[in-house]
Amino acid sequence: MTNREIAAALEEVADLLEFQGANPFRVRAYRNGARKVADASQSLVGVVESSGAVALTEIDGVGKDLAEKIAELATEGSLAMFDELREQVPPGVLALMRVPGLGPKKAAAVHKELGVGSLDQLRAACEAGEVQQLKGFGKKTEETILAGIDLAAKAGERIRWADADAVVQRLLEHMDGLGAIKRRDPAGSYRRGKETVGDLDLLVDVGESMDPTAVAAVMDRFGEFEGVAEVIARGDTKMSLRMDSGLQIDLRCVPSESYGAALQYFTGSKEHNVEVRGRAKARGLKVNEWGVFKADGEERVAGESEEQVYVALGLPLFPPELRENRQEFAAAEAGKLPRLIELGDLRGDLHMHTSATDGRATVREMVAAARERGLEYIAITDHSKRVTMAHGLDADRLRAQWREIDVVNEELTSEGVDFRVLKGIECDILEAGPMDLPDDVLAEADWVIASLHYGQNQPRAKIMDRLLGAVAHPSVSIIAHPTGRLIGKRAPYDVEMDELIAACAEHGKCLELNANPARLDLDDVHCAAAKAAGVPIVISSDAHSPEGLDVLRYGVLQARRAGLTADDVANTSAIKALLSRVGG
DNA sequence: GCCGTTTTCGGCCCGACTGTTTTCAGTCG
């Protein structure tokens, strides 16, 4: 089983236990375990095979029990306790808990009292007016549930960060200019730069005192945002909207003295905050969204700025991208919190296409676009001939393009421009294993990307043969979009990432972090694993047009989540250093 | 189910909002 599959199983165990009314802390332990498994950079099957179940207890939050259950999943592919739980809880009941407003208690009630075991039955029971008769339920609750059933399909659907960003920018533009707003920041998983975002949070500083008039003005303006379908809730400080698209946006208004605490709190992650609060408690302090307080009284120790909040707890101001309770607390204690890479650190872009294949611009136009964006070098890497739909290049057309690149480089040199174009190719790894172009052609290239576009559904052994063969090829510099996943659309191909990373380390090859917002491949966990193995990451745009270069920032955000510094990313180097570091 | 700078037992983050309630449970983040 993959780590992801093991994590999904543990997560479902937690759901089932929660439905049964189990000890909430036991439920939390399973959820926490699921997250740790999903975040693990090594394949846990491999860990269990080489070191046994006991090695898993090294993972923080995994004790003897969970270690044995994870090992059982890893070696057997199933878990006896999981199967028993599934027998006790009818299938379909878990879907009930995904209806907004229906948590484990209410879901259990409708199941126990009314025999409801599916969304269809729940709808029927609501429409028959049976649900409002239950103790603790009423007419309003029934209506909420009925509306929630329709939302259940959409709910849980996360949007890409880049799409969330578009909404955020529109929202900020809509809100800005209102005098009642002193400061404002989008928070939540958007601020942490997660590759997908479930809902949006906007935090607003309404001034020294929570002037009700100011709050009302902010909330009124918020409610007038274009595309609002409904106001879900509106209280004294908090308001929630649902957009036509189904996206939920939460607004929180806080006084200036609490703004930093609120920003810290609403940025999350939940797991990071649990740790923060636990640490506060150990220091005799209490943290909530209003500030840091002495545990025994009302005295506020911090709250105005986020930095003050962390400092009061003896912690550094963590970059939002690292706030996942993965390694950040340990790194901070060791004084090894990384200085994360920034967009300005990138000096080149090593993956892009031109109109010779499926791109829209010429080599010269791509050079101009890259120079406008402050880059010092690019590699032109069009598709190879196997990619017939894109009119991929054969050896002759490729060599013709390289002659053109020679001319462009000579022009740049004669104009005194410090910019260089590398002669590259995105060469397919054919279904049977070999590269799509002859070795002597690849040997002439400055930069060879190896990619897998066909036979993506092959079994793991075959996929790995192809990838490892490419890594060992003397002319190959890098594996592009190593898992092939498209976020929310296409599953990754069956890659044993540990093995691929180890091979890259052995042969001195790079792995790509493809910055296309639909790909972001490698993901943050795998990037961190590559870093740990000393494998350089290359952040690439895979641009098919001049504007396509602008996606680099999404890749940088993902790299930051992985804890990457400029040194971990090869294309932060000047051209000479790059080529001496990673061949070509 | 996990964990230990007062602990191997007894804790485990904290508050807003809603609805069904006259003081609180459930849900959400």
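Residue numbers begin at 1 in each chain, while the letters A, B, ... track the order of the sequences.
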For A/Ile145 and B/dT20, what is the distance between atoms CD1 and C1' respectively, to the nearest whole Å?
13 Å

What's the CG-P distance between A/Asn273 and B/dC28, to the nearest Å?
19 Å

So A/Val276, base contact, sugar-phosphate only, or nothing? Heavy-atom distance under 4.0 Å.
nothing

Quickly work out the A/Glu289 CD to B/dC17 C1' distance and round it to whole Å.
12 Å

Taking the P atom of each, how far is B/dT6 from B/dG11, in whole Å?
16 Å

Closest to the side chain of A/Ala29, out of B/dG15, B/dG26, B/dG1, is B/dG1

Could you label the plane-to-plane angle of the A/Phe318 and A/His272 rings as parallel, tilted or perpendicular, counting under 30° as parallel and over 60° as perpendicular?
perpendicular

Under 4.0 angstrom, heavy atoms only, what part of the nucleic acid is A/Lys135 near: base, sugar-phosphate, or nothing?
nothing

d(A/Arg560 CZ, A/Arg553 CZ) to nearest 0.5 Å is 13.0 Å

What is the nucleic acid contact for A/Pro24, judged by heavy atoms within less than 4.0 Å: base, sugar-phosphate only, or nothing?
nothing

Tell me which of A/Leu102 and A/Asp65 sits closer to the 5' end of DNA chain B, going by the nucleotide each one is nearest to.
A/Asp65

To the nearest angstrom, how far is A/Phe137 atom CZ from B/dG26 atom P?
10 Å

Could you go through A/Glu226 and A/His174, starting from their C-alpha distance and side-chain angles, then the distance that decides it, and tell me whether this counts as side chain to side chain contact (heavy atoms under 4.5 Å, CB included)?
CA-CA 9 Å; A/Glu226 194 183 342; A/His174 171 75; over 6 Å; no

Short side-chain N/O contact from A/Thr141 to OP1 or OP2 of B/dT20, under 4.0 Å:
yes

Mind checking who B/dT8 pairs with, Watson-Crick or G-U wobble, both distances under 3.5 Å?
none

Would you measure the distance from the P atom in B/dC2 across to the matching atom in B/dT7 and give it in whole Å?
22 Å

For B/dT22, does the O4'-C1'-N9-C4 (purine) or O4'-C1'-N1-C2 (pyrimidine) torsion place it in syn, i.e. within 90° of 0, or in anti?
anti

Rounded to whole angstrom units, what separation is found between the CG atom of A/Leu134 and the C1' atom of B/dT20?
13 Å

First of A/Asn288 and A/Gly103 reached from the 5' end of DNA chain B, by closest nucleotide:
A/Asn288

Candidate pair A/Glu275 and A/Asn273, rule side chain to side chain donor-acceptor pair (under 3.5 Å), full reasoning
CA-CA 5 Å; A/Glu275 181 68 24; A/Asn273 285 354; over 6 Å; no

How close or far is atom P of B/dC13 from atom CZ of A/Arg323, stated in whole angstroms?
19 Å

Round to the nearest Å and state the distance from A/Phe266 atom CZ to B/dC14 atom P.
15 Å

Which atom pairs link the protein and nucleotides 7-12 of chain B when you take only N or O atoms and keep those under 3.5 Å?
residue: B/dC12; atom: OP1; partner: A/Lys281; partner atom: NZ; Å: 2.5

Within this structure, what is the CG-to-C1' distance between A/Asp199 and B/dG29, rounded to whole angstrom?
8 Å

Take A/Val204 and A/Arg252, measure what side chain to side chain contact (heavy atoms under 4.5 Å, CB included) needs, and give me the verdict at the end.
CA-CA 6 Å; A/Val204 170; A/Arg252 269 309 264 264; over 6 Å; no

How would you label the contact of A/Lys270 with the nucleic acid (heavy atoms, under 4.0 Å): base, sugar-phosphate, or nothing?
base

Do A/Leu200 and A/Asp250 have side-chain heavy atoms sitting under 4.5 Å apart?
no

Please state the P separation for the pair B/dT23 and B/dG29 - nearest whole angstrom.
29 Å

A/Phe137 six-ring face occupied by A/Lys106 cation (under 6.0 Å, within 45°):
yes

Can you see if the side chain of A/Trp290 gets near the phosphate of B/dC14 - specifically, an N or O under 4.0 Å from OP1 or OP2?
no

Would you say the side-chain atoms of A/Arg323 and A/Ser269 include a donor-acceptor pair closer than 3.5 Å?
no

Answer with base, sugar-phosphate or nothing: what part of the nucleic acid does A/Tyr30 contact at a heavy-atom distance below 4.0 Å?
sugar-phosphate

P atom, B/dG26 versus B/dT20: distance in rounded Å?
14 Å

Go through B/dG19, B/dG29, B/dG26 for me and flag the one nearest to the A/Lys140 side chain.
B/dG19

So, OP1 or OP2 of B/dG15: does either fall under 4.0 Å of a side-chain N or O from A/Thr237?
no

For B/dC13, does either OP1 or OP2 sit under 4.0 Å from a side-chain N or O belonging to A/Arg277?
no

A/Thr144 near the nucleic acid: base, sugar-phosphate alone, or nothing, with a heavy-atom cut-off under 4.0 Å?
nothing

Measure the CZ-OG distance between A/Arg300 and A/Ser258 for me, rounded to the nearest 0.5 Å.
4.0 Å

Side chain of A/Ala233: nearest nucleotide among B/dG29, B/dA16, B/dC17?
B/dC17

Heavy-atom count check: over 12 atoms from other residues, nucleotides or ligands less than 6.0 Å from A/Gln42 CD?
no

Base, sugar-phosphate, or nothing: which does A/Lys69 touch, judged by heavy atoms less than 4.0 Å apart?
sugar-phosphate

Taking the C1' atom of each, how far is B/dC9 from B/dT18, in whole Å?
37 Å

Checking contacts here: which listed nucleotide (B/dT27, B/dC3, B/dT20) is nearest the side-chain heavy atoms of A/Pro104?
B/dT27

Could you work out the separation of B/dG1 and B/dT8 based on their C1' atoms and round it to a whole Å?
14 Å

